[in-house]
Amino acid sequence: MDAKAEGLYTELRNTRQEILEKLMEGNSSPLIKPILLEELHDIEQTLTKMESGNFGKCEISGELLPEDLLQIIPTLKTMEDCSRLGNFYRKSIFH
């Protein structure tokens, strides 16, 4: 793992720990708990990919995902996720 990947790996492990602690407290809102569980699942999958050397590859096509987006959202899974993210952040020309 290079320095960037090592930093992401550490950050994801810390986030995983924070989510686990939040879930263990047991006072999470019932509305938030499914979101925390989903995020925890995504983080676990991403950590596994990093450990196996498959981090940054599209789960469907095998293409490399844009590194700049992975630095922001390391749990991205597919090129379609990247496309949707790009559309979400695209600025409208009409206000």
Side-chain angles (χ1 to χ4, degrees):
M1 242 185 265
D2 65 16
K4 280 185 182 178
E6 188 69 37
L8 281 176
Y9 187 79
T10 300
E11 187 176 327
L12 285 170
R13 287 177 52 102
N14 291 339
T15 302
R16 177 180 65 181
Q17 186 61 36
E18 288 174 18
I19 291 172
L20 285 171
E21 289 172 6
K22 189 73 175 172
L23 289 169
M24 296 295 274
E25 289 174 0
N27 57 3
S28 300
S29 162
L31 297 175
I32 298 295
K33 190 173 180 178
I35 296 169
L36 290 174
L37 289 171
E38 185 176 339
E39 186 66 19
L40 182 62
H41 177 72
D42 287 346
I43 289 172
E44 293 286 352
Q45 283 186 322
T46 302
L47 289 170
T48 300
K49 287 179 189 176
M50 292 177 105
E51 292 165 357
S52 66
N54 291 317
F55 176 69
K57 294 179 184 171
C58 175
E59 291 182 0
I60 296 171
S61 67
E63 293 177 77
L64 293 177
L65 300 174
E67 191 173 324
D68 57 333
L69 292 179
L70 287 171
Q71 292 295 317
I72 299 168
I73 305 173
T75 54
L76 288 173
K77 297 176 182 176
T78 65
M79 292 300 285
E80 186 178 329
D81 291 343
C82 297
S83 178
R84 275 190 264 150
L85 189 64
N87 290 336
F88 181 76
Y89 285 111
R90 185 174 296 147
K91 290 182 179 179
S92 172
I93 57 172
F94 303 105
H95 294 281

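Given the structure is predicted, the values throughout are model-derived calculations rather than measurements.
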Residues in side-chain hydrogen bond (donor to acceptor under 3.5 Å, both in side chains) contact with [X], at least two apart in sequence or another chain:
{"X": "Glu6", "value": "none"}
{"X": "Glu25", "value": "none"}
{"X": "Glu18", "value": "none"}
{"X": "Thr10", "value": "none"}

Please report the interatomic distance [atom1]([X]) to [atom2]([Y]), rounded to the nearest 0.5 Å.
{"X": "Thr46", "Y": "His41", "atom1": "OG1", "atom2": "NE2", "answer": "9.5 Å"}
{"X": "Met79", "Y": "Leu64", "atom1": "CE", "atom2": "CG", "answer": "9.0 Å"}
{"X": "Ile43", "Y": "Glu11", "atom1": "CD1", "atom2": "CD", "answer": "9.5 Å"}

Qualifying salt bridge (charged side-chain N to carboxylate O under 4.0 Å, His left out) pairs, either residue in residues 49-65, two or more places apart: Lys49-Glu59
Over all atoms of both residues, closest heavy-atom pair of Arg84 and Asp81: NH2-OD1, 3.2 Å
Sequence-distant partners of Lys4, salt bridge (charged side-chain N to carboxylate O under 4.0 Å, His left out), two or more places apart: Glu67
hydrophobic_cluster_shared for Leu12 and Ile35, side chain cutoff 4.5 Å: no
Same apolar cluster (I L V M F W Y, side chains within < 4.5 Å links), Leu37/Ile19: yes
Residues which pass side chain to side chain contact (heavy atoms under 4.5 Å, CB included) with [X], listed by chain and number, not counting sequence neighbours:
{"X": "Ser29", "value": "Leu31, Ile32"}
{"X": "Ile60", "value": "Cys58, Thr78"}
{"X": "Arg13", "value": "Tyr9, Arg16, Leu47"}

Show me the donor-acceptor pairs within less than 3.5 Å that the side chains of residues 68-77 make with the rest of the protein, sequence neighbours left out.
unit_1, atom_1, unit_2, atom_2, d
Lys77, NZ, Asp42, OD1, 3.0
Lys77, NZ, Gln45, OE1, 3.1

